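Computed from a predicted model, the values in this text were never measured in an experiment. Numbers restart at 1 for each chain; the letters A, B, ... are given by sequence-line order, proteins then strands.
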Number of protein chains: 2
Amino acid sequence: MSKYSIGLDFGTNSCRSLIVDVSNGNEIASHVFPYPSGKDGVLVDTSDPNLARQNPSDYLLGIEVTIKEAIKAAKKSLPQFNTNDIIGIGVDTTGSSPLPVDENGLPLSFNPQFKDNLAAYVWLWKDHTSYAEASLITETAFKIRPKYLAKIGGVYSSEWWWSKILHCKNTAPEVYENAYSWVEICDWITAHLIGQLTPSKIKRSVCAAGHKAMFNMQWNGLPDEEFLETLSPGLGKLRPRLYSEAFSSEKLAGYLSEAWSKSLGLSKNVAVCIGAFDAHMGAVGAGIKAGTLVKIMGTSTCDIMVSPEEEKLNDIPGVCGIVNGSVMEGYFGIEAGQSAVGDIFLWFVNNLVPESYGKTQDEKFRNLEDAASKLKPGESGLLALDWNNGNRTILVDVRLTGLLIGQTLHTQPHEIYRALIEATAFGALAIIDRIQDYNVSISEIINCGGLASKNPLMMQIYADITNRPMKISRSDQTPALGAALLSTIAAGKINGGYDSVAEAQNSMTGTGLVFNPIKNNHEIYKKLYKLYKQLHDGFGTKAWTGNMYNLMKELLDIRDEVRRKT
Amino acid sequence: MSKYSIGLDFGTNSCRSLIVDVSNGNEIASHVFPYPSGKDGVLVDTSDPNLARQNPSDYLLGIEVTIKEAIKAAKKSLPQFNTNDIIGIGVDTTGSSPLPVDENGLPLSFNPQFKDNLAAYVWLWKDHTSYAEASLITETAFKIRPKYLAKIGGVYSSEWWWSKILHCKNTAPEVYENAYSWVEICDWITAHLIGQLTPSKIKRSVCAAGHKAMFNMQWNGLPDEEFLETLSPGLGKLRPRLYSEAFSSEKLAGYLSEAWSKSLGLSKNVAVCIGAFDAHMGAVGAGIKAGTLVKIMGTSTCDIMVSPEEEKLNDIPGVCGIVNGSVMEGYFGIEAGQSAVGDIFLWFVNNLVPESYGKTQDEKFRNLEDAASKLKPGESGLLALDWNNGNRTILVDVRLTGLLIGQTLHTQPHEIYRALIEATAFGALAIIDRIQDYNVSISEIINCGGLASKNPLMMQIYADITNRPMKISRSDQTPALGAALLSTIAAGKINGGYDSVAEAQNSMTGTGLVFNPIKNNHEIYKKLYKLYKQLHDGFGTKAWTGNMYNLMKELLDIRDEVRRKT
């Protein structure tokens with residue numbers, strides 16, 4: 001009899017469940033639940049475009065709806081499917097998305113006193129209100145705790161844990177004072193599933209802790225109280241109410257609570273593994289091993305690598321994090337990423353593409369892609385920077401914006417669309433270059449996430465720009481697959497699971513389609529990348545100095561040359 | 001009894017007639033005729049976005065339709081209107097728009113042999129195919145005839161006469177060899193009206209000759225043969241088949257031909273004045289005098305000033321032309337301009353504005369303007385360069401393109417629309433600064449043309465950015481009014497016209513609405529202009545050197561400050 005496990009993947013706009021056959025990774029059933037709150041699941045504030053919050057009750061509703069519906073679907077397609085054969089559940093989420101909770105681990109937003117206060121909700125990963133606090137943390141660490149910065153690429157981000165907590169302390173003291181503790185949502189949802197919400201007992205993810213909260217056993221866990229007090233008097237008092245241990249994701253968090261067991265119709269023996277961020281679990285689901293770069297391509301992009309614990313790994317400036325065990329035990333997880341990829345395309349199609357390309361968003365995307373596919377590299381004369389949501393790696397700077405250059409009176413939407421895709425690919429190449437410059441060699445790139453499977457034009461452009469084959473993960477739901485896979489190790493071999501991540505990956509993961517680089521395209525993109533880097537360094541670094549006079553002219557020269565050949 | 005005169009204005013997409021009451025400038029009737037050929041009246045080549053030609057037979061059809069229809073309308077609204085009271089016709093056109101003609105002055109495009117050859121048609125002002133020839137002319141003049149460059153701002157443009165003729169010689173020798181002569185369309189249409197097309201007898205406009213063909217009596221008219229031979233062996237032979245005299249626009253070209261007189265039902269005593277470019281006649285229709293800057297705002301923008309002949313006028317680098325008599329006798333005409341203004345807005349609304357702003361172009365413009373009006377300066381965080389069609393003044397460089405910076409994931413079309421308007425205003429300010437730097441003082445700005453009268457948001461932004469009142473010409477058809485006005489001087493006082501331009505302007509022109517600068521807006525725009533100039537100089541000049549790191553950050557700082565105050 002087959003065993004099954006469930007991956008629960010909590011994204012920016014929706015969550016999904018995925019029921020997986022443990023023996024071969026086959027995806028039996030799945031269900032997606034768009035969050036009912038806010039704008040596409042995000043609570044926003046029209047007066048502050050930096051603000052992005054989420055309603056934690058959407059997650060609880062999401063667990064119930066998606067698991068029940070997926071089970072229904074599984075039963076329909078597999079008559080032999082039996083819920084008693086489900087051995088594990090894993091949870092992956094966005095992050096850093098911290099939530100203020102009371103002494104019982106309940107979100108402050110559940111308290112009627114705070115129901116209209118957005119600071120009492122989940123501070124979603126892409127909330128950028130805390131940029132001033134992020135600078136303060138970077139500056140303070142640079143002065144008194146440089147070691148803290150070494151593992152996070154040298155710059156602390158406004159998207160991360162301490163920036164957000166500190167911004168809450170500075171701007172919403174009523175919430176801060178009433179928050180007994182703060183919990184990443186990957187830990188909070190996992191804790192909820194096992195019915196153990198007491199803050200001191202919540203098992204924390206080393207992935208979230210290490211990458212976002214500067215947690216490292218080298219300095220005894222979280223940053224010390226003196227450092228926190230230097231950031232803001234009183235902040236140190238929070239430290240003992242947070243956590244002093246953190247775990248990698250294949251470890252057992254606990255077993256499904258009675259309440260959830262009843263509500264979902266699942267056994268109380270279902271093992272729930274430690275939660276983690278979507279990208280890290282996605283990397284596992286994509287089949288990550290040493291030498292593999294896994295790119296999780298969605299609204300934003302996460303780049304994950306692992307480096308064996310025993311190999312000496314230098315710190316890599318501008319790379320978001322290097323954390324022991326953050327992907328799996330025995331390896332340093334390396335995380336980099338781009339703050340917006342799919343989000344840039346969505347912004348463009350939702351705001352700047354007329355109905356001549358189609359009536360619906362889908363139709364517009366399809367026609368944009370059709371038309372953009374017919375363009376040769378360089379043919380539009382356009383070049384863009386992919387910074388509409390700042391630059392996470394390698395500049396680690398949210399105070400950056402988009403840039404488009406080369407438009408004439410003839411520029412068409414599909415040309416801009418292609419330039420935006422290219423911009424994200426150039427950004428991806430800058431990350432690859434940076435990682436390789438620090439002696440982590442990349443022998444394989446596996447892409448997963450919605451964009452990788454849905455956008456062949458994009459994957460071809462990535463192959464052409466990076467001059468590397470782009471493999472596509474067999475699964476297009478790798479975070480959920482990774483979560484499901486990791487829970488089989490928490491469940492243990494004795495219960496039908498596996499002993500190690502490698503063993504589970506061997507059975508449950510694989511790649512499919514491959515996009516190979518086209519030499520002629522790469523030759524043109526090499527020239528365009530040089531110009532991209534000029535804009536990148538000129539607008540993104542203090543060190544650059546020079547002149548931009550060549551830029552428009554070289555773009556026109558490349559355009560004219562391509563057109564002459566066509 | 002009132003006397004009347006007719007202005008014929010030949011634009012990029014259509015032509016219009018305007019019947020004016022000579023006593024007071026009242027506009028009695030008007031008719032617009034969209035050119036039937038090509039795309040919106042422009043013959044294009046999909047493989048070369050630089051190419052823009054026009055069909056000269058559209059002009060002839062346009063004369064007939066617009067004058068007949070305007071007369072019909074005049075008779076309807078004024079029962080006492082009598083075509084015998086029409087004393088003059090003036091013609092203004094785009095330029096430099098040269099046309100190759102045969103020995104009889106007929107366009108080569110009329111010859112069946114060349115009907116499919118776009119080189120045999122009118123080379124429309126905005127045709128940019130000749131950029132390489134323009135560079136060659138600039139370089140050659142720089143080396144062997146620097147005096148030629150002094151009057152045209154130091155750089156010869158691809159939009160101008162010799163660049164186009166030379167490009168024709170280089171790329172369409174079959175047309176070049178068969179062209180007996182070349183004629184600016186303002187001269188060709190005027191010559192057609194008086195029935196005197198023999199090339200040697202066509203009276204040429206000093207406006208076109210001086211601004212575009214480097215004609216100057218200081219060096220005996222057109223550039224000398226040696227210079228032309230240096231540009232291209234054989235080109236010198238064309239010189240004697242062109243012209244050696246040129247005239248200002250209030251002069252008589254001749255009287256209406258018998259054929260046109262019959263066809264239009266007008267007297268053979270109708271005086272036709274010398275043709276000129278739309279902007280120059282527009283400046284007259286707007287009431288230009290010493291100290292007045294007239295801005296003619298349309299698809300592109302032309303800035304015209306006049307400086308009394310007796311005052312010493314220095315050459316102004318980057319300003320398109322300084323030509324004695326080009327606007328009117330006794331004054332140096334100074335011409336500057338922006339290669340695209342309305343065209344940028346048209347490009348944007350036609351390509352990048354979704355139907356949520358309206359179904360038609362008009363509706364979209366209206367809603368964009370409504371929404372953009374509600375924005376405060378700096379609020380969007382956007383900044384653009386107005387170079388989608390190159391930069392005419394002060395960089396004189398067609399190898400420049402558009403640039404947009406500051407876009408986030410929240411940027412809306414109306415924010416970009418406002419940024420594009422602002423970009424053109426910053427470009428206008430750069431021109432004003434340049435002219436004033438060379439000791440031509442500007443005491444008044446009068447705006448005319450379609451955009452000036454139709455876009456109050458734009459005019460307010462121009463006032464705020466330049467910190468000067470923007471007066472709007474009473475007439476919104478100043479080129480046609482200017483043409484009609486100038487023909488009254490050609491007709492002479494004895495026939496019911498005037499003795500001088502000033503006398504005619506006193507009766508026939510005036511201003512209406514005035515937009516005054518708002519102090520707070522100007523304060524913010526001062527900061528944005530600094531950033532615009534940084535982009536302008538960084539991307540547009542070789543001399544600039546530095547770093548762009550401050551740019552996105554300062555834009556965000558300005559944005560955040562404005563939003564905090566709102």
K.L.:
Name the option with the most non-hydrogen atom pairs under 4.5 Å to chain B; the candidates are Gln412(A), Lys542(A), Lys364(A).
P.N.:
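Ranked by heavy-atom pairs under 4.5 Å with chain B, first place is Lys542(A).
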K.L.:
To the nearest 0.5 Å, what is the distance between CH2 on Trp387(B) and CD on Gln407(A)?
P.N.:
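So the CH2 of Trp387(B) and the CD of Gln407(A) are separated by 12.0 Å.
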K.L.:
Can you list everything that forms a salt bridge (Lys or Arg N to Asp or Glu O under 4.0 Å) with Lys565(B)? Sequence neighbours excluded, please.
P.N.:
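Once residues adjacent in sequence are excluded, the partners of Lys565(B) under the salt bridge (Lys or Arg N to Asp or Glu O under 4.0 Å) criterion are Glu561(B).
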K.L.:
Under a 4.5 Å heavy-atom cut-off, does chain A meet the side chain of Asp560(B), its backbone, both or neither?
P.N.:
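Only the side chain of Asp560(B) comes within 4.5 Å of chain A.
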K.L.:
Quick check on the interface: out of Asn350(B), Leu385(B), Asn351(B), Leu346(B), who has the most heavy-atom pairs with chain A under 4.5 Å?
P.N.:
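Looking at each of Asn350(B), Leu385(B), Asn351(B), Leu346(B) in turn, Asn351(B) comes out on top.
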K.L.:
Heavy-atom distances under 4.5 Å only: say whether Ile416(B) touches chain A with side chain, backbone, both or neither.
P.N.:
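Contact with chain A: side chain only.
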K.L.:
Tell me, side chain or backbone of Leu555(B) under 4.5 Å from chain A's heavy atoms, or both, or neither?
P.N.:
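No part of it gets close to chain A.
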K.L.:
With side chains defined as the heavy atoms from C-beta onward, is the minimum distance between Trp347(B) and His410(A) less than 4.5 Å?
P.N.:
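A side-chain contact under 4.5 Å is absent here.
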K.L.:
Below 4.5 Å, heavy-atom pairs only: which of Thr408(A), Ile405(A), Thr545(A) has the largest tally toward chain B?
P.N.:
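Between Thr408(A), Ile405(A), Thr545(A), the count favours Thr408(A).
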K.L.:
Please identify, among Val353(A), Thr541(A), Leu551(A), the residue contributing the most non-hydrogen atom pairs under 4.5 Å to chain B.
P.N.:
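If we count pairs closer than 4.5 Å to chain B, Thr541(A) comes out on top.
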K.L.:
With a 4.5 angstrom heavy-atom cut-off, could you sort out which part of Leu383(B) is near chain A: side chain, backbone, both or neither?
P.N.:
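Neither; nothing under 4.5 Å.
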K.L.:
Heavy atoms only, distances under 4.5 angstrom: which of Leu535(B), Thr401(B), Asp537(B) has the most pairs with chain A? Name it, please.
P.N.:
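Result: the option with the highest number of such pairs is Thr401(B).
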K.L.:
Which answer fits Phe345(B), side chain, backbone, both or neither, if we ask what part of it has an atom under 4.5 Å from a heavy atom of chain A?
P.N.:
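Nothing of Phe345(B), per the 4.5 Å heavy-atom cut-off to chain A.
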K.L.:
Heavy-atom cut-off 4.5 Å, strictly under: side chain, backbone, both or neither for Tyr357(B) against chain A?
P.N.:
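Tyr357(B) has no heavy atom closer than 4.5 Å to chain A.
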K.L.:
Testing the basics here: between Gly402(A) and Met552(B), what is the closest heavy-atom pair and its distance to 0.1 Å?
P.N.:
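Looking at all heavy atoms of both residues, the closest pair is O-CE, 4.3 Å.
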K.L.:
With the threshold set at 4.0 Å, does a side-chain nitrogen-carboxylate oxygen contact exist between Arg399(B) and Asp557(A)?
P.N.:
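Salt bridge flag = yes for Asp557(A) with Arg399(B).
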K.L.:
Do Leu403(B) and Leu404(A) have side chains that get closer than 4.5 Å, going by heavy atoms?
P.N.:
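A side-chain contact is absent here, since even the closest heavy-atom pair is not under 4.5 Å.
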K.L.:
Let me confirm one number: the CE-CZ distance from Met548(A) to Phe539(B), rounded to the nearest 0.5 Å.
P.N.:
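If we round to the nearest 0.5 Å, Met548(A):CE and Phe539(B):CZ are 5.0 Å apart.
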K.L.:
Quick one: do Lys553(A) and Asp397(B) make a salt bridge, cutoff under 4.0 Å?
P.N.:
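Between Asp397(B) and Lys553(A) there is a salt bridge, with a charged N closer than 4.0 Å to a carboxylate O.
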K.L.:
Under 3.5 Å, side chain of Asn388(A) to main-chain N/O of Leu409(B), donor-acceptor pair present?
P.N.:
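No, because the side chain of Asn388(A) does not come within donor-acceptor range (under 3.5 Å) of the backbone of Leu409(B).
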K.L.:
What distance do Ser356(A) atom OG and Glu355(B) atom CD have between them, rounded to the nearest 0.5 Å?
P.N.:
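Taking OG in Ser356(A) and CD in Glu355(B), the distance rounds to 7.0 Å.
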K.L.:
Surrounding NZ of Lys376(B) (heavy atoms of other residues, nucleotides or ligands, distance under 6.0 Å), is the total greater than 12?
P.N.:
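Check fails, neighbour count at 12 or below.
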K.L.:
Taking the side chain as every heavy atom from C-beta outward, state whether Thr411(A) and Phe348(B) have any pair of such atoms under 4.5 Å apart.
P.N.:
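Not touching, per the 4.5 Å side-chain cut-off.
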